[in-house]
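Everything on this sheet refers to the single structure shown next.
Residue numbering restarts at 1 for every chain, and letters A, B, ... go by the order of the sequence lines.
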Number of protein chains: 4
Amino acid sequence: MAKRETSTRQAILKAAIEIAGESGITAATMDDIAVRAGVAKGSLYYNFASKDEIFATVLQQALVRLTERFELAVEGKTGVDAMRALVEVFLERIVNDTALIKIVAAEIFRTDRSWVVPFGIARDSALAVFERAIKEIGEERGSPTPQPKLLASAAFGAVLVAGLEWSVFEPETPRTVVTDTLIDPVIRLFLS
Amino acid sequence: MAKRETSTRQAILKAAIEIAGESGITAATMDDIAVRAGVAKGSLYYNFASKDEIFATVLQQALVRLTERFELAVEGKTGVDAMRALVEVFLERIVNDTALIKIVAAEIFRTDRSWVVPFGIARDSALAVFERAIKEIGEERGSPTPQPKLLASAAFGAVLVAGLEWSVFEPETPRTVVTDTLIDPVIRLFLS
Amino acid sequence: MAKRETSTRQAILKAAIEIAGESGITAATMDDIAVRAGVAKGSLYYNFASKDEIFATVLQQALVRLTERFELAVEGKTGVDAMRALVEVFLERIVNDTALIKIVAAEIFRTDRSWVVPFGIARDSALAVFERAIKEIGEERGSPTPQPKLLASAAFGAVLVAGLEWSVFEPETPRTVVTDTLIDPVIRLFLS
Amino acid sequence: MAKRETSTRQAILKAAIEIAGESGITAATMDDIAVRAGVAKGSLYYNFASKDEIFATVLQQALVRLTERFELAVEGKTGVDAMRALVEVFLERIVNDTALIKIVAAEIFRTDRSWVVPFGIARDSALAVFERAIKEIGEERGSPTPQPKLLASAAFGAVLVAGLEWSVFEPETPRTVVTDTLIDPVIRLFLS
DNA sequence: GATGAATGAGTGTTCATTCAT
DNA sequence: AATGAATGAACACTCATTCAT
């Protein structure tokens, strides 16, 4: 299942992310991707079966790696501390990988793609890290948080939209300001 | 500027929203739209200059009407009460117009469209209603909220993502549960 | 099922036959066909769903019309007279529609095409006319011909290959010579 | 001219025949051939200059070997006996090398190939064996057969088409039945 | 003697747009 | 006010061929 990631494959995936981050997946052409990756179009098809497979790989990797970062960030932390770390690392990801996050944001509610199922699973893994922190906050405070999954989406959405708003439209604002502004409000989401 | 909205135009816009809600704007074809609207393809071009104009109109109308609903909801209310009303009406819109909201969500961070400018203005109007309520909350509490625009995005994003998560992936959950779960946490976002 | 044969459709089919008669179906490109038909490539797809559909139509029509000619030729005749008429009309078809017959000849034993089934049925109809005449010859002579279907193929093949040999490689030989040379030998195939 | 036939070359030619017998020469890809032959694609080009050269070799060898078989079969025989032997050996070849014969059948009237000339010469050699037998039959009977070349094609075509009809569509019929059914009729072709 | 990653011209197909009616 | 046949540029994908190893 797991293809060895040769440098050509990596160059293609990187180019695909850049192009699709600018114009969306459907509008990203294989020609554009090939040119950006510095390879011939044939190489795209030598390394991936189809455009769909390229973006299925992109989205899969994006969420798997995002989840890894989340897991790494919460390591040794629980509850409020964990959530704090999640917001920080998520914002860091948004600003340093804006193109990729934009793709994820645009795909997150589409149900007509060939990759719905694996993408859905990967998405759930990412949200699960938020959900776990939310539950821990409830436990810490002695009152289990209701609907933790829905609240995980809310927290994810708050950071995602605010973070992209900042990264796409007001990138000159320093990250510390954004982080400082968002962390406490997001934590408060769960202090019923 | 404002074209008379004949029934044919309305049928076309309705069809365009349905199709694009299912597959995204780029993947929505003029043929699909014509068939769904029950008119000949030529009629699309009799009523709109281009596909771009159709979707510029769709997005423009979507945000204008959403803003109108927001304004209506906050009428006579301020601060916390206004925000409460905003969350409620936004969730109502998400569940009753999921296709349209999905389109808005997918377009919100794209900067390569012919309609970026008008869409950006319309989006700012919608966010401004949230921002106003946020500022009022700060005033009510005697301490002006910092970065109200960023927090408006966060609130908007929290409701948007949680609402779509519910509407798209778990539509069987009753709306009251979703509203009850989200309102207080979202309000708390701003109670620094 | 039966599409109206507009002049554009007819022009496309005619062009497809010419091109494929020269280079075979697989090597016939949609571009070539469009140019030869004097229409834009898009017109090919407005009138036919695919290249496969074009050639399914070509082959279907070819055999249906060939069968019609066979039926017409044997009308009011039986046995030897019918077979004589079949050989004559088949040779006439070969020389006046060489491109089409070449396509049929090249496809007749392929089993990997989307049109195998309808083509097979149409081919059997054509061979059935030969088979009927063969059976009648047996009856006229009082001894039923064994394996009439196999002999029908033999007669069909004899005329087809000899006729194409003549039409493709020695077209200067007058048709009467070919007809006179082939009719009696072919008849004799069945005079056990 | 004659390359040494290494086992790799033979494996490639065998694979090429199998693939092209299934889907035709144009649709047979070098990748398919390499996989079927169990060699890397580069080996194809190490052993043959091009795809054209592979199939020129295939067709050349096919007809040369077929002619050798014909020559061997008629050795020591003349006229009717020779023709009888030719039909028998041809049917044997058709059933035991169906893929190859299908390729020959599909190529026999094509004039757009790089190998037209050598293939034409080889084809004429094969037909010449038939022609010789036909002439002998005429001599045996004291009246020279007119148009022996055309009749050779007719005999060749009769056996080819009936044989393939049997081999491809009704392979369960025993060979003796087919041979018994065809030999006498084919002989009668020439008993003017 | 053989390999397989890489190539790019060429293929079938799509689709926003036009225009005569 | 509306139609639908026709268009052609652009697209995803294929495949014979090359070449460094």
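- Checked by atom type, the side-chain pair D:N47/D:T8 shows no donor-acceptor distance below 3.5 Å.
- D:T67 meets the side chain to side chain contact (heavy atoms under 4.5 Å, CB included) test with D:E71, D:S125, D:A126, D:V129; sequence neighbours excluded.
- Applying the salt bridge (Lys or Arg N to Asp or Glu O under 4.0 Å) test to residues at least two apart or on different chains, the pairs with a partner in residues 115-124 of chain B are A:E165-B:R123.
- The CG atom of C:D32 sits 11 Å away from the C1' atom of E:dT11 (whole-angstrom rounding).
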Could you summarise the pairing of DNA chain E as dot-bracket text, marking Watson-Crick and G-U pairs under 3.5 Å with ( ) or [ ] inside the strand and | across strands? .||||||||||||||||||||
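- Distances from the side chain of C:T29 to the nucleotides E:dA2, E:dT17, E:dT11 place E:dT11 closest.
- Within the 4.0 Å cut-off from OP1 or OP2 of F:dT17, at least one side-chain nitrogen or oxygen of D:Y45 is found.
- Residue side chain B:K41 reaches the base of E:dT17 through a donor-acceptor N/O pair under 3.5 Å, judged by distance alone.
- The nucleotide whose nearest atom lies closest to any side-chain atom of C:T8 is, among F:dT3, F:dA6, E:dT13, F:dA6.
- Each of C:S7 and D:T26 was matched to the nucleotide of DNA chain F holding its nearest heavy atom; the match closer to the 5' end belongs to C:S7.
- Between the side chain of C:K51 and the backbone N or O of C:I25, at least one donor-acceptor pair lies under 3.5 Å.
- Looking at heavy-atom distances under 4.0 Å, D:S43 makes contact with a base.
- Counting to the nearest Å, the P atom of F:dC13 and the CD1 atom of A:I33 are 10 Å from each other.
- Remark: A:N47 is in phosphate contact with E:dA6, judged by side-chain N or O atoms under 4.0 Å from OP1 or OP2.
- C:A28 comes within 4.0 angstrom of the backbone, heavy atoms only, and of no base.
- If you take OH of D:Y46 and P of F:dT17, they are 19 Å apart, rounded to a whole angstrom.
- Between A:S50 and D:D31, it is A:S50 whose nearest contact on DNA chain F lies nearer the 5' terminus.
- Two residues, A:L44 and D:G42, neighbour DNA chain E, and the one matched to the more 5' nucleotide by heavy-atom proximity is D:G42.
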Check residues 56-63 of chain C and write down every donor-acceptor pair under 3.5 Å in which the side-chain atom is one partner and the other belongs to a residue at least two apart or another chain.
unit_1 : atom_1 : unit_2 : atom_2 : d
C:T57  : OG1    : C:E53  : O      : 2.7
C:Q61  : OE1    : C:R65  : NH2    : 3.3

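- In this structure C:T98 satisfies the side chain to side chain contact (heavy atoms under 4.5 Å, CB included) test together with C:K102, C:L164, C:S167, C:V168, sequence neighbours excluded.
- Taking the side chain of A:K51 as heavy atoms from C-beta on, and the options E:dA2, F:dC13, F:dT7, the nearest nucleotide is F:dC13.
- To the nearest angstrom, P of F:dA12 lies 19 Å from CE of C:M30.
- Distance CD (B:E53) to P (E:dT17): 10 Å, rounded to an integer number of Å.
- Taking atom CG of D:D52 as the reference point, atom C1' of F:dT17 lies 12 Å away to the nearest angstrom.
- Between the CZ atom of D:F48 and the P atom of E:dG1 there is a distance of 13 Å, given to the nearest Å.
- Scanning for side chain to side chain contact (heavy atoms under 4.5 Å, CB included) contacts around B:A106 gives an empty result, with sequence neighbours left out.
- The line from OG of B:S50 to CZ of B:F55 is 10.5 Å long, rounded to the nearest 0.5 Å.
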